[in-house]
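These notes are about the structure you will find just below.
What you see is a predicted model; the values in this text were computed from it and never measured.
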Amino acid sequence: MSAVPAMPRQSLQRFPSLVHQRKVPAQPKELPQKANYKIHLIRDRGVRDHNQQKNIKELSKEETAIYRNSLKNNICIEMLRKGYHKSFSEVYTVIQRWDALRDAAGPGSAIWHQKPLEEQQEKLDQLQHFLTRAEAAQRAGYYEEVYENQLALAQYFQEVGDDWLSYHFFECCFQTATKIKMDGGRKEAEAHSNIGSVEEEHGQLEKAAEHYEAFYHLTVGRIWKDETGRSHNSLACENLWRIYTLQSDKMLANKECQQAIKTLIKAFDMAREGGNKKLEGEAAYRLGLAHISSGNPQTAITYLNTYMEISKMLEDNVSLGKAYKAMAKALESQGKILESVEYLENFIKIAKLNNLNQSLAETYSCLGDIFNTRGNYEKACQYFSKAYETALSLSELALIEEAQVQYGIAKAHEMMLTVSKLTDSADCASVGHLLTWKMNRSDIFGDPAKPDKLISMQDTKDGDKSIAIMETPDIPENETSTEPVTAS
Amino acid sequence: MAAINPLSNPKGVKLQCELCNSPAHLQCSACKVTYYCDSDHQQADWVSIHEKICQLLIPLRITQPFSSSAEERSHSLEQLLLRKKHLIDLTLKEAQKHLYGGRHADVIPAAMHSLSFTIDVFGLATVELVPAYLILAEANIGLGHLPQAEEYLSQAYWTVLKTTDCSNAIRSKLHRNLGLLYSAKGEFEESLRHFSNDVYFASETAGTNHMSVTGGYFHMANIFFRQNKMDIADSLYTEVTDIWHAHLSKLLNVHVNESSRSMSSLEKDQENLDENQEAEALQILSAICDIREQAPKKDPAKIMHILHTLTMLHFIAMDWPKAEEFGKKLLLTTQQLPEEKISDDIAILLRLIELKCTAK
């Protein structure tokens, strides 16, 4: 879709060279004595050297004008004298618009500090080159060529970063493209796609969607391909999918779940039509998430299943992991904890196989979370400690810290149970237990009913972790505060 | 007309012909301050400008009585200056009028007067001289005296180059004349360069879509036409027609709105297009119309467009018979068009013309 012709060089040289290279004719060596004498005389009078004077080229009127006038003036004249009046008025209005924009922005704005357009030779040269070519083509009635030149100009300004200029020329392209009837609307479609992408860059999603939709409708059932061999229709589908997804993201941020789901369904259809499995899966995944957040886990599960199948088919373990995780979340919100856990454990298997430590750590903490809320603190502790270990191997500080805190919380919950039981029973043995724990603050504190737990606790060798453990159980300490006073 | 003999002049007084500076034999009997070498020159001066300024010359050419107070002296000097400036304006306007009337020979005495008064008031190297130079040059081009014209234009060009604060309108005019000169001499490249300058400076004053740029475009188109670059010429002619069409439509709309409110206010609206612009428009558009009609491959849409523009022009100029004539032509052409549909604008215009003609 991008057809940039060869880089042009300015036809108008900024300044013609002043010194005209011309060989000084050699002095005839042997002259008759008299003549030699005469030449000598003339030299003495101060008319030094005629040849040297001729060395400076006489400038034509044109060249003097180049020196005298401004760049804008020169370029305009250059175009006009060849009869390119449309290019002239185009350049002229563009410069005027630039000035108007600058005045509107006022002093202090970014555009105020920029060099005025009429002094940027490179840009003016580009404008001149492509516009005159376009005009010549237009006169001859070759609209394809007009289109290509305008497109090249638009792309040039896009590269340089002049947004409104590139937008302006993309629109020109579009105008031209509507006049091209021979190719069945192919150029028109391309122009739609170009404008769409510019609008998307500017964040005008609605307008972009409109243009992409037009692009899509024009390309349905066609076999046009761009130079990379990609069919236009699939490109349209992909673009539309992206726009719809972006739109739905915005809607979700505004809590418009139903709208978002509608848009996502459109995106899903597009992805399916475009035949890109990966995008289809992605769309399904987003739909699933949207359904979960709108409180409809059952529908979410069907979409997530699709996503899972696609991921399996593509052997994409990362997305499979994502699918499992989302599925677990959906099941959890339905209250099917067991199934949810099952999915997560499935995922862990995959993650371990593929060395996906990042998601592994996340899943461990996710599992820990589930058990933590369910009151199965022992298991929660296990998972959190695994999460911590994985995080350690990743040596990612944020993750490590998070795991530490979570592990601490779970551990605290776990100990809470025993401590409160001991305090409630209030017999000699329990008080003894509490006291010993209080004295050495190590892990030998436990319940005789659960001796195995003591052992499992001894695994915690890391210093950091034990700090986390000891800091969290503030409550048991306060409850038993009477005894430590007497003991000390 | 009184005869005088150079030999009988008072000592030290040389009476010179107003036009050619040779010894004078005749005196204008009306003002008694103007002299001529023969009756031909007197006749030429009278037709061109003297009739208008005969009496105005008297206070300039008789010696002022000496006033005793400095105040009075400065006052009379001021008066003199004002009179001269008035004469500059008057002579220039007359010259311009002759020029638009196509009476090139009559232009020269008036313009020469203007030039000499300007030099008298402003000195030799000022922008004020340029309009007079330009008129002289144009008249000379019209008369076919190209070397003369070139001399005047070179003078004007030099003056413009030397002064930095020259208005763009004058620059544009200067370049147009230079362009005309070179096209008359057959140096097309040079002439195109000057016309380009003309268009550029005209755009600087009023934008690229103003009617003041059409003159430059039109002359450029003529050159391309002569060089046989038909596509460029055609595109330029179309551009010129478009600009005029847009402008005249706007004027006509104002017109129609006015007349729908009150018929009497219609006469007031005529200032929109001044005499010069009207003459220029008529010249340009008629030429384009001829070219379109004589083209080997007629394009009815284009002919219709130019006819429509011309009809509007005649209507706005209140030239009813012409407007009617062109209206009929226009109607004929529209019937030739494949899509037998008269646009609203044309229909309204034709009805208005009919109204005017029956009112008469």
- Item | Step-by-step side-chain contact (heavy atoms from CB on, under 4.5 Å) determination, F88(A) to S196(B) | CA-CA 10 Å; F88(A) 159 71; S196(B) 309; over 6 Å; no

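- Side-chain contact between V199(B) and H85(A) is absent, with no heavy-atom pair separated by less than 4.5 Å.
- Top candidate by heavy-atom pairs under 4.5 Å with chain A, chosen from D234(B), I223(B), V213(B), L161(B), is L161(B).
- Here the closest non-hydrogen pair linking L192(B) and R81(A) is CD1-O, 3.5 Å.
- Using a 4.0 Å cut-off between charged side-chain N and carboxylate O, E204(B) and K72(A) make a salt bridge.
- For E151(B), the CD atom is loosely surrounded, since the number of other residues' heavy atoms within 6.0 Å does not exceed 12.
- Comparing E189(B), M220(B), H194(B) by heavy-atom pairs within less than 4.5 Å of chain A, the highest count is held by M220(B).
- Across S70(A) and Y200(B), no two heavy atoms sit closer than the pair OG-OH, 4.3 Å.
- With values rounded to the nearest 0.5 angstrom, Y217(B) atom OH is found 5.5 Å from S89(A) atom OG.
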- Task: Would you sort out whether Y92(A) and N209(B) count as a side-chain contact (heavy atoms from CB on, under 4.5 Å), showing the intermediate values?
- Result: CA-CA 11 Å; Y92(A) 199 87; N209(B) 288 326; over 6 Å; no

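- Using a 4.5 Å heavy-atom cutoff, the side chains of N73(A) and N197(B) are in contact.
- We find the OG-CD distance between S235(B) and Q138(A) to be 8.0 Å, quoted to the nearest 0.5 Å.
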